[in-house]
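Every heavy atom of this structure was used, including side-chain atoms; hydrogens, water molecules and symmetry mates were not. For ligands, and for the atoms within them, numbers begin at 1 and follow the listed sequence. Quantities reported herein were computed from a predicted structural model and do not represent experimental measurements.
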Amino acid sequence: MMSRVSRRCAVALLLIAAVGLAGASCTRAPGPPGKAVVRVGFAQIGAESDWRRANTESIRSEAKARGIDLVFADAQGKQENQIKAIRAFIAQGVDVIALPPVVETGFEPVLREAKAAGIPVVLTDRAVEVSDPELYVTFIGADFVEEGRQAARWLVEASGGAAKVVELQGTPGSAPAIARKQGFEEGLAAHPGVTIIKSQSGEFTRAKGREVMEAFLKSPEGPSITALYAHNDDMALGAIQAIQEAGKKPGVDILVVSIDGVRPAFEAIVEGSLNCTVECNPLLGPFLFDVVERIKRGEVVEKRIVTPARVFTSDNAAAELPSRAY
Ligand code: AHR
């Protein structure tokens with residue numbers, strides 16, 4: 001006979017299948033005896049980068065370790081799929097909904113539906129733009145503007161205040177793409193010798209980063225490029241390939257600075273093709289489920305939880321690499 005929890009899992013799977021979400025799964029680790037199992041719906045963006053995959057792994061493993069019943073949906077990069085997943089979580093009656101919004105705008109109506117159903121929403125990794133801040137409990141994630149400033153600070157110093165920069169932006173309309181651009185431009189404001197000569201989205205993926213960098217290099221401005229700023233490591237790593245294929249030395253002919261701090265970026269720094277990565281911690285599982293447990297205990301949770309970050313270059317990357325967790 002099917003237990004109550006297995007039945008709930010089956011219902012969740014049916015709901016998610018009904019809204020056409022591929023990759024959705026329902027996992028449940030048994031909680032301690034006598035303790036009510038907490039159900040959390042997590043509407044992940046997709047698997048566009050190494051960062052995102054590490055983030056998913058952190059959410060899944062931490063839920064398992066705490067005996068939390070995680071209903072995980074993979075929105076495959078589409079906002080409409082995230083919205084459908086949230087509606088499915090509401091229909092299922094999860095205890096908490098967690099969401100890294102793929103873009104900043106357009107979530108207000110569905111967040112209102114969650115509020116009306118009395119389900120608290122926790123934003124992880126990315127922010128949303130809403131008229132009513134009460135639509136979510138808290139936002140856990142990095143300070144993306146500061147990451148952009150740190151990348152600019154490094155580049156100004158490394159280039160001696162003179163560089164022609166191409167920029168690979170993240171997903172258009174996403175919080176990290178908007179804020180990392182803003183922070184970088186703020187960081188360059190007092191340094192007129194460092195200018196952005198081209199800027200385009202590489203959609204946070206290696207393949208697109210490579211394709212756009214190839215086009216930058218082939219453009220009339222190509223020969224004058226002396227630096228690349230990528231909003232994530234995956235795009236930088238793709239672009240590094242394009243630079244090599246164009247017969248130039250990444251890290252030497254073209255300085256490369258990016259954001260995330262994933263293991264392949266550390267390897268590239270050690271090998272000399274990447275110069276700097278600004279860390280953005282994807283291991284948000286412990287942060288998220290601490291908050292979920294606090295919500296369940298009825299505690300007041302602070303509106304913003306900022307995850308700490310460090311900057312890595314050839315000075316410190318080799319020492320960090322062996323213990324790098326993602
Ligand atoms: O929102 C965080 C960003 O999303 C990471 O920097 C990027 O790699 C990911 O896809």
Problem - Row check, F144 ring normal vs K181 NZ/CZ: under 6.0 Å, within 45° - result: no

Problem - Geometric cation-pi criterion R87 and F89, 6.0 Å radius, 45° cone - result: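 Negative - R87 is either too far from the ring of F89 or too far off its axis.
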
Practice task
Below 4.0 Å from any atom of ligand 1, which residues have a heavy atom? Give them in chain and number order, please.
Solution key: E48, S49, W51, R52, D125, R126, F144, P176, R180, F204, N232, D260

Handout entry: Whether over 12 other heavy atoms sit under 6.0 Å from K164 NZ
Key =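 No - once you tally the heavy atoms of other residues, nucleotides and ligands closer than 6.0 Å, there are 12 at most.
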
Handout entry: The single option from Q76, R60, R52 passing side chain to side chain contact (heavy atoms under 4.5 Å, CB included) against Q44
Key = R52

Handout entry: A142 backbone acceptor or donor facing T307 side chain under 3.5 Å
Key = yes

Practice task
Look at the side-chain heavy atoms of Ile, Leu, Val, Met, Phe, Trp and Tyr, link any pair under 4.5 Å apart, and say whether I196 and V194 land in one connected group.
Solution key: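 Hydrophobic grouping puts I196 with V194.
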
